[in-house]
Amino acid sequence: DTAVSQTPKYLVTQMGNDKSIKCEQNLGHDTMYWYKQDSKKFLKIMFSYNNKELIINETVPNRFSPKSPDKAHLNLHINSLELGDSAVYFCASSQGPIYFKNIQYFGAGTRLSVL
Amino acid sequence: SQQGEEDPQALSIQEGENATMNCSYKTSINNLQWYRQNSGRGLVHLILIRSNEREKHSGRLRVTLDTSKKSSSLLITASRAADTASYFCATSGQGGSEKLVFGKGTKLTVNP
């Protein structure tokens with residue numbers, strides 16, 4: 001069983017479209033994250049939820065909206081996609097948000113290409 | 001920027017050799033973690049070292065932490081072709097924030 005699964009694996013779309021990426025974890029973790037990895041492999045946190053509550057919200061355009069219907073799911077919706085949004089988006093989870101519980105388990109990534 | 005820096009950016013060695021990667025960071029931390037990323041895959045946690053620890057071992061991995069120099073190193077002994085991957089350090093607690101801040105990574109190639 002995959003611990004952290006995200007769908008789709010690949011997403012190719014036109015500029016201006018709206019798209020969603022879904023993430024689910026079956027580890028019983030309280031905290032989930034979205035990261036963006038650019039073409040230079042730089043990995044940057046975007047959002048984090050703990051028990052469905054937003055706890056980290058980095059400087060991300062408000063076209064990006066995360067939603068956590070329950071603590072096992074964290075979805076990412078992106079409006080009005082731009083070329084610069086092309087990247088690999090990773091979902092991750094950890095037992096908790098604080099430092100002694102934050103070993104993170106990553107999904108396989110969603111490669112988003114905006115044309 | 002709180003971002004860590006790995007050094008070197010890329011490393012190519014022969015199977016059986018040891019590989020050493022370094023990580024530097026900017027402010028005090030609670031812990032430092034190392035992750036591996038195989039091409040086209042997600043990151044996998046390797047080892048965590050707390051700020052009050054100086055060295056930790058896990059199988060062929062040895063991690064050191066020098067908080068006075070704000071640096072860490074990851075040593076992979078007797079490397080194998082399967083160790084080919086990118087390796088990232090990540091720090092927690094920089095600037096009082098609990099979020100993990102990842103470095104830029106070292107791309108390791110182990111030639112058979």
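Keep in mind it's a predicted model, so treat the numbers as computed, not measured. Residue numbers start from 1 in every chain, and the chains themselves are labelled A, B, ... in the order their sequence lines are given, proteins ahead of strands.
When the shell of 6.0 Å around NZ of B:Lys56 is examined, it contains more than 12 heavy atoms from other residues, nucleotides or ligands. Shown here is B:Glu15, whose CD atom has more than 12 heavy atoms of other residues, nucleotides or ligands within 6.0 Å. Enclosure of atom CD in B:Glu53 by more than 12 non-hydrogen atoms of other residues, nucleotides or ligands within 6.0 angstrom is indicated. Within 6.0 Å of the CZ atom in B:Arg80, the count of heavy atoms belonging to other residues, nucleotides or ligands does not exceed 12. Within a 6.0 Å sphere centred on CZ of A:Phe47, other residues, nucleotides and ligands contribute more than 12 heavy atoms.
Contact annotation for A:Lys9: only side-chain heavy atoms (C-beta onward) come within less than 4.5 Å of a heavy atom of chain B. Using a 4.5 Å cut-off between heavy atoms, A:Gln6 makes no contact with chain B at all. When heavy atoms are compared at a cutoff of 4.5 Å, A:Ile45 approaches chain B solely by way of its side chain, counted from C-beta outward. Heavy-atom distances place both the backbone and the side chain of B:Leu43 under 4.5 Å from chain A. At a 4.5 Å heavy-atom cutoff, A:Tyr33 makes no contact with chain B through either its backbone or its side chain.
Linking ILVMFWY side-chain heavy atoms closer than 4.5 Å, directly or via other members, places B:Trp34 and B:Leu108 in a single hydrophobic cluster. Residues B:Ile13 and B:Tyr87 share a single hydrophobic cluster, defined by chaining ILVMFWY side chains whose heavy atoms lie under 4.5 Å apart. Follow the hydrophobic side-chain contacts under 4.5 Å out from B:Ile76 and you reach B:Leu65 in the same cluster.
Between the CG atom of B:Leu100 and the CD1 atom of A:Ile56 there is a distance of 8.5 Å, given to the nearest 0.5 Å. For the atom pair CG of A:Leu43 and NZ of B:Lys104, the computed distance is 13.5 Å after rounding to the nearest 0.5 Å. To the nearest 0.5 Å, atoms CG (A:Asn102) and CG (B:Leu48) are separated by 7.5 Å.
The six-membered or imidazole ring of B:Phe102 lies away from that of A:Phe42, with a centre-to-centre distance of 6.0 Å or more.
With a 4.5 Å cut-off on side-chain heavy atoms, A:Gln37 and B:Gln37 count as touching.
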Notebook entry, point to check: Stepwise, does the side-chain contact (heavy atoms from CB on, under 4.5 Å) test hold for A:Phe106 with B:His45?
Noted result: CA-CA 9 Å; A:Phe106 282 79; B:His45 174 81; over 6 Å; no
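Contacts with chain B were tallied for A:Arg111, A:Lys41, A:Glu58; A:Glu58 has the most, counting heavy-atom pairs under 4.5 Å.
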